[in-house]
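The block underneath contains the structure these notes are about, expressed in structure tokens.
Just so it is clear, the structure is predicted and the values come from calculations on it, not from any experiment.
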Number of protein chains: 2
Amino acid sequence: MRIRATAAATLPSVGHAADIGDLRDIVGFHLRLAYGAVYRHFAETFSHLDLTQKQVSVLWLVADHPDIAQTGLAQRMRMDRATTMAIVNRLEARGYLVRGKSATDRRKQTLNLTDAGRGALTVAKAAVREHESWLKARYTPAEVQTLIELLTRLHE
Amino acid sequence: MRIRATAAATLPSVGHAADIGDLRDIVGFHLRLAYGAVYRHFAETFSHLDLTQKQVSVLWLVADHPDIAQTGLAQRMRMDRATTMAIVNRLEARGYLVRGKSATDRRKQTLNLTDAGRGALTVAKAAVREHESWLKARYTPAEVQTLIELLTRLHE
DNA sequence: CGAGAAACGTTGGCGACACTAACAATCATC
DNA sequence: GATGATTGTTAGTGTCGCCAACGTTTCTCG
């Protein structure tokens, strides 16, 4: 991700009146914009950690599921096997997790966090909480539940 | 995007029981999964057209706003100027839109659809309708409204 | 049991995008 | 009229999604 503390925005600021016509009725359009906004804020919040959403999710899942295989990760995150490889490689190179041999199935490998990985995850979780409260600030608790419920129907 | 009619999925199918632990409470996580699911379905629906969400959105917006400048597009779609360039270049290369000189401001350029672009948009809009009904099939009309409303708060 | 099918990890390649950084031309403003 | 901002542009980097193909290992089924 490589986020700098940066200035020099090339992203034109929107003066709050950009009409988008019929596009306003397209759920997919709003989903994309919302995703983009959240993605950007996440990147900001994590600029000091140099971690992406994906990377944090992987650390998180590996912590929750020791000895998980790459395929398990891929399933839970709806990722391609190849993409999973790339992410695991990156995290392994940074010393946040290690691959091991599976005892039960020699095709598989186990994934586990290192101490450094656990440390990074702890810091990352704090940042996630911050990010989430930025996000949730626009909603009542009930609305948050509704939103999660509605989004879940989309990916289940 | 380059979508083939394809077989040979490298994306492991998920057997509907993938537990994700605490991650279940993270709005951002659901948003990412939902976005991914919608993105994938969109790509499928548009495989015969070879158009991405972004490209369709740009065609749509240019049709609604003749003579719009690239900055206008970028604002409405929350895109980087550089990214906007890339997309406009692609669409121009395919003969779907043309750049022209602005009469009022010689820094700006006007964007307009060609006949081919209008034709593509017409077909694309039909595909969008199909895509949207796939998406909306999981919701009541009221829920659709709620979802749009909640998502809008995230990007406005 | 043994052969073929399936799963797992791996690699390489392509395309889409986001973001940065820097530049020239053109306004806008004082 | 000089200064600073805006617009389009190019170039580069990094993330990620998907496909294709391969070797190893396991499963399935005749």
B:Glu44 and B:Arg40: CA distance, side-chain angles, deciding distance, salt bridge (charged side-chain N to carboxylate O under 4.0 Å, His left out) verdict: CA-CA 6 Å; B:Glu44 256 178 66; B:Arg40 272 189 290 277; over 6 Å; no
Intermediate values then yes/no, side-chain contact (heavy atoms from CB on, under 4.5 Å), A:Trp60 and A:Lys125: CA-CA 8 Å; A:Trp60 195 309; A:Lys125 279 194 178 183; 3.7 Å; yes
CA sep, side-chain torsions, deciding dist, call: B:Leu151, A:Leu33, side-chain contact (heavy atoms from CB on, under 4.5 Å): CA-CA 8 Å; B:Leu151 288 176; A:Leu33 287 189; over 6 Å; no
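Atom-to-atom, CD of B:Glu92 to P of D:dT10 comes out at 10 Å; the value is rounded to the nearest Å. The interatomic distance linking A:Leu51 (CG) with D:dT15 (C1') rounds to 13 Å, in whole Å. Taking atom CZ of B:Phe42 as the reference point, atom P of D:dC18 lies 15 Å away to the nearest angstrom. As a whole-Å value, the separation of B:Leu91 CG from C:dA16 P is 10 Å. Atom CG in A:Asp80 sits about 13 Å away from atom C1' in C:dG12, given to the nearest Å. The distance between atom CE of A:Met77 and atom C1' of D:dC16, rounded to the nearest whole Å, is 11 Å. For B:Met79 and D:dT7, the CE to C1' distance is 15 Å, given to the nearest whole Å. For the pair A:Lys101 NZ and D:dT24 P, the interatomic distance rounds to 14 Å; values are reported in whole Å.
Taking the side chain of B:Ile87 as heavy atoms from C-beta on, and the options C:dT20, D:dC16, C:dC17, the nearest nucleotide is C:dC17. The side chain of A:Thr52 lies closest to D:dC16, out of C:dG9, D:dT25, D:dC16. In the set C:dC27, D:dA21, C:dA22, C:dC27 carries the atom at the smallest distance from any side-chain atom of B:Asp105. When distances run from any side-chain atom of B:Gln55 to the nucleotides D:dT9, C:dA16, C:dC27, the shortest one goes to C:dA16. For A:Asn89, whose side chain is taken as the heavy atoms from C-beta onward, the closest listed nucleotide among C:dT11, C:dT26, C:dC19 is C:dT11.
Partner of A:Trp134 under the side chain to side chain contact (heavy atoms under 4.5 Å, CB included) criterion, chosen from A:His131, A:Glu132, A:Glu130: A:His131.
In the helix from C:dC1-D:dG30 to C:dC30-D:dG1, the rotation axis of the first five pairs and that of the last five pairs differ in direction by 30°, rounded to 10 degrees.
Comment: B:Arg153 engages A:Glu143 in a salt bridge, judged by a side-chain N to carboxylate O separation of less than 4.0 angstrom.
In this structure, the side chains of B:Phe46 and B:Val123 stay at 4.5 Å or more apart for every pair of heavy atoms. Using a 4.5 Å heavy-atom threshold, the side chains of A:Val38 and A:Gln53 count as touching. Inter-residue side-chain proximity for B:His155 and A:His30 is flagged as met; some heavy-atom pair is nearer than 4.5 Å.
The side chain of B:Arg40 places no N or O atom within less than 4.0 Å of a non-bridging phosphate oxygen (OP1 or OP2) of D:dG17. Put simply, B:Gln53 has no side-chain N or O that comes within less than 4.0 Å of OP1 or OP2 on C:dA16. Contact annotation: A:Arg106 does not reach the phosphate of D:dT24 (side-chain N/O to OP1 or OP2, under 4.0 Å).
No more than 12 heavy atoms of other residues, nucleotides or ligands sit less than 6.0 Å from atom NZ of B:Lys108.
The nearest heavy atom of DNA chain C to B:Arg107 and to B:Arg90 marks one nucleotide each, and the one closer to the 5' end goes with B:Arg90. Comparing A:Arg99 and B:Lys54 by the nucleotide of DNA chain C that holds the closest heavy atom to each, the one mapping nearer the 5' end is A:Arg99. Each of A:Thr104 and A:Thr83 was assigned the nucleotide of DNA chain D with the nearest heavy atom; the assignment lying further toward the 5' end belongs to A:Thr83.
When the side chains of ILVMFWY residues are joined at heavy-atom separations under 4.5 Å, either directly or via intervening members, A:Met85 and A:Leu59 end up in two distinct hydrophobic clusters.
Of the residues in residues 60-74 of chain B, those lying under 4.0 Å from DNA chain D by heavy-atom distance are B:Ala69, B:Gln70, B:Thr71.
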